[in-house]
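One structure is given below, encoded as structure tokens.
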Amino acid sequence: MLDIKFIRENLDVVKAGAAKKHIAVDLERLIAVDEERKRLRQELDAKKAEQNRRSNEIQIAKDLEREKLIEQMQHLKAGMAESEDRLKEVMVEWQTLMLTIPNVPDMSVPDGESDEQNLEARTWGEKPAFSFTPKPHHELMTALGLADFERGAKVAGFRGYFLRGDGARLLMALRRFVEDRFMNREGFEPMFAPSLVRREAFIGTGYLPQGEEDLYKTQNGEYLAGTAEVATMGYFMNEVIDQSMLPLKFFAYSPCFRREAGSHGKDEKGVFRVHEFEKYEQVVLCEADHATSVQLHEEITANSEKLLQELGLHYRVVVNCGGDLGLGQVKKYDLEAWMPSENRYRETHSASYFHDFQTRRLNIRYRDSGGILRYAHSLNNTALAIPRILTQIVENYQKADGTVKVPPVLVPHVGKDTLGVAR
RNA sequence: GGAGAGGUGGCUGAGUGGUCGAAAGCGCUUGACUCGAAAUCAAGUGUGCUCGAAAGGGUACCGUGGGUUCGAAUCCCACCCUCUCCGCCA
């Protein structure tokens, strides 16, 4: 959510920002509703003041005088109820509109409508050369007995999967790998976050109200989170954080659930896009300073790049274009690792910063050195999403004989150097 | 799932219809005292919206949302959450 004062004073900026994100907004309506809101508020406050004044008089007055005053008050109240109802209506529309206004993207964000226009910032490593036609990950995994998609569908339904044997070993090795890197080296606090989360935190992080379709919902009304970001940010909801605690950096783990509504037909095979997965997420809260946000954005991006480098995966970093940014994101980098079977890069990580868009919705503040309450800034980036990362590992490390080499850093955790063969 | 208790400011905690944004204590800030500190004394110390150049004013907020009333932290209703006991359970 943006500050209404900021919107009022920077209409053109907000309008241009929404256009860059290709998000339709009705700013004229918002401004009109805001004017109405202010007018009614003032009108009602004046009436309340009058009411309070008279109430005090009634308290002192006696007998006849008192009854006369009470009668007068009843008249005064009649008009107030209307104003109050009207204000309530206006507030509902005001809030609904406010939730639709996207955050303004950074100057450096490229123009564009979809991920096709994302700008490649840099690459790392080399595309692996194959003397044969590389197979897609689901074929390799099935052939080597790492995954069972047929039974996955039988048991869990569409996009269901089992990982077994070396497939499960690889997944568990990746967990230990990423846990080791973050718990011991990065200065992050580990967080084990709930996935079953109430509506507020989804609204606060910007996934609702517009993303209802993508979320699973329980019969009790909670939603299943698609990322630990939701709960981790919600953790600080309605709180004032001690400034000395900032920046707060979390290495948050949670199971993740996504309905993938509207992506039928996309990535149907394998474990690239699944309904149920696990993710380690970097979540950061910092002081309300653009330069600090930018610096931390680079830092959490570098953290993930290091992981891909250690895994020996060729990847590129793209700056996401305006049309590929979420409602609250100011800027986003995607890390995309090479997918040999598709002859293109596919997303493994996504690093964004939000300024105070999320914290304003979540009401997360801190008191600065001048004693002023400010909304903190927030950022997040994938640390590692599994099983997705398996797709690139398996494809990039496949050999001519159909087996798959284990990335050297994972060998100690997997316990062997080749998948799909006996030790 | 059943029974009971309870949600008040940064914290503890008083307040059961009116002058209560809320006692008291703690904490915090500033000042006095002191070489300095502690102790002591004095003053101050919530947030949102809104009017105002500012000083300051208005209004709202005692878990959330409704209701009763001239007037609600206080009464009524619904919901949320916490705690205790029972049941179940990794």
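Convention: sequence-line order gives letters A, B, ...; per-chain numbering from 1. As a basis for the values below, the full set of heavy atoms in this structure was taken, side chains included, without hydrogen atoms, waters or symmetry mates.
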Set of residues satisfying ring-ring contact (aromatic ring centres under 6.0 Å, His included) with respect to [X], sequence neighbours excluded:
X	answer
Tyr315(A)	Trp124(A)
Phe251(A)	Phe182(A), Tyr280(A)
Phe158(A)	His264(A)

Do any of residues 357-368 of chain A sit with a heavy atom less than 4.0 Å from RNA chain B, and if so which? Arg365(A), Arg367(A)
Set of residues satisfying side-chain hydrogen bond (donor to acceptor under 3.5 Å, both in side chains) with respect to [X], sequence neighbours excluded:
X	result
Gln282(A)	Asn303(A), Ser304(A)
Arg175(A)	Glu278(A)
Lys21(A)	none
Arg258(A)	none

Please write out each protein N/O paired with an N/O of nucleotides 77-81 of chain B under 3.5 Å, distance rounded to 0.1 Å.
residue	atom	partner	partner atom	Å
rC80(B)	O3'	Arg198(A)	NH1	3.3
rC80(B)	O2'	Arg198(A)	NH1	3.2

Can you pull every protein N or O that's under 3.5 Å from an N or O on nucleotides 87-90 of chain B?
none

Show me the protein contacts with nucleotides 62-70 of chain B, counting only N or O atoms at under 3.5 Å.
residue	atom	partner	partner atom	Å
rC70(B)	OP1	Gln74(A)	NE2	3.0

How would you list, by chain and number, every residue that makes a side-chain contact (heavy atoms from CB on, under 4.5 Å) with Glu298(A), sequence neighbours excluded? Tyr333(A)
How long is the line joining CD of Glu239(A) and C1' of rU47(B), in whole Å? 15 Å
